[in-house]
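Here is the structure we will look at, set down as structure tokens.
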Amino acid sequence: MDLSTLPPFSASTPSSWPQPTVSNTYANPVNTEGQRAHSYEAPVQASEETDSSANNEPVGPTRPDGTPLTTDEIQYLEQLKQTDRAVRQHEMAHKTVGGQYTGAASYDYEVGPDGKRYAVAGEVPIDYGPVPGDPAATIEKMQTVIAAALAPADPSSKDLQVAAQARQYLLEAKLEAARERSEMNTARDAGEMLGQPSDKAA
């Protein structure tokens, strides 16, 4: 999983730590053994209090109520984060390449042990229908659709089906475009022949 997405552990800075409360005798000249003993007890006690307060701070991810997650829960949370990132990258690849032929991405979510939602599945609708009466436009569209369907590093079975159907439409459009060009060429040639002057004398 992407550990960079975990909330960083923020340790208190030294300036914000509780300051030890030192007896006045610690600052004044030490005159007796009793005062010496008393003056050195305060810093030790303050250090223990500081350690105790630091131990109360939760380390790592927590549940919604603030209690720390178990090791298994942390591992599961990391898996959810990996899945979420992979799903979003997958759908973004479709949208980036598909452009105008793609719709808004939609996701299925699962709530993690930290109370947050993570995407576990998603889809981006792709318009892969041919352009009626315009084989040239269909060819251009299908080329984009195929690229969009296969854009993710790991295309799904549905992605492969869309790409296969788009290839079929692409082939049909190319055949239609070739047929139209042939008809145009035949008509042009016929027109040129009709327009030629006769070499016979009137």
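Sequential numbering from 1 along the given sequence is applied to the chain's residues.
Counting all heavy atoms, side chain and backbone alike, P135 lies closest to A173 at CB-O, 3.4 Å. Across all non-hydrogen atoms, the minimal contact from A93 to A151 is O-CB, 3.5 Å.
A side-chain donor-acceptor contact under 3.5 Å links T102 to the backbone of G99. A donor-acceptor contact shorter than 3.5 Å links the side chain of T83 to the backbone of Q79. With R167 contributing its side chain and I146 its backbone, the two residues share no donor-acceptor pair below 3.5 Å. Judged by distance alone, with hydrogens and angles left aside, the side-chain atoms of K95 form a donor-acceptor pair with the main-chain N or O of G103 at under 3.5 Å. At distances below 3.5 Å, not a single donor-acceptor pair connects side-chain atoms of K141 with backbone N or O atoms of A166. The closest donor-acceptor contact from the side chain of T144 to the backbone of G98 lies at 3.5 Å or more, if one exists at all. No side-chain donor-acceptor contact under 3.5 Å links D84 to the backbone of K81. Side-chain N or O atoms of S182 include none that pairs as donor or acceptor with a backbone N or O of A178 at under 3.5 Å. Checking side-chain atoms of N185 against main-chain N and O of A187 turns up no donor-acceptor pair under 3.5 Å.
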Discussion item. side-chain contact (heavy atoms from CB on, under 4.5 Å), that's the test. Do Y169 and Y128 meet it? Break it down for me.
Written reply: CA-CA 9 Å; Y169 290 145; Y128 58 93; 4.1 Å; yes

Worksheet entry | Test log, rule side-chain contact (heavy atoms from CB on, under 4.5 Å), inputs Y109 and V120 | CA-CA 6 Å; Y109 295 95; V120 294; over 6 Å; no

Discussion item. Please determine whether side chain to side chain donor-acceptor pair (under 3.5 Å) holds for the pair D72 and T70, giving the CA-CA distance in whole Å, both sets of side-chain angles, and the decisive distance to 0.1 Å.
Written reply: CA-CA 5 Å; D72 289 342; T70 65; 5.4 Å; no

Worksheet item: Do D114 and R63 pass the side-chain contact (heavy atoms from CB on, under 4.5 Å) test, and can you show the C-alpha distance, the side-chain angles, and the key distance before you say yes or no?
Response: CA-CA 4 Å; D114 59 351; R63 299 185 183 89; over 6 Å; no

Item to complete: Step by step, work out the side-chain contact (heavy atoms from CB on, under 4.5 Å) result for L77 and L69.
Response: CA-CA 9 Å; L77 179 61; L69 300 180; 3.8 Å; yes

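Contact of the P130 side chain with the L170 side chain is not registered, since no non-hydrogen atoms from C-beta on lie closer than 4.5 Å. Considering only heavy atoms from C-beta on, V162 comes within 4.5 Å of V145 through its side chain.
Side-chain atoms of T186 and D189 form no donor-acceptor pair, as typed in the model, at a separation below 3.5 Å. Counted by atom type alone, E172 and Q168 present one or more donor-acceptor pairs between their side chains at under 3.5 Å.
Electrostatic pairing of E123 and K158 does not count as a salt bridge here, judged by no charged N lying under 4.0 Å from a carboxylate O.
Taken to the nearest 0.5 Å, the CG atom of D134 stands 6.0 Å off from the OG1 atom of T138. Between atom CD1 of residue I126 and atom CD of residue Q165 there is a gap of 13.0 Å, rounded to the nearest 0.5 Å.
Evaluated for a side chain to side chain contact (heavy atoms under 4.5 Å, CB included) with P152, the options Q89, E91, H94 yield exactly one hit, H94.
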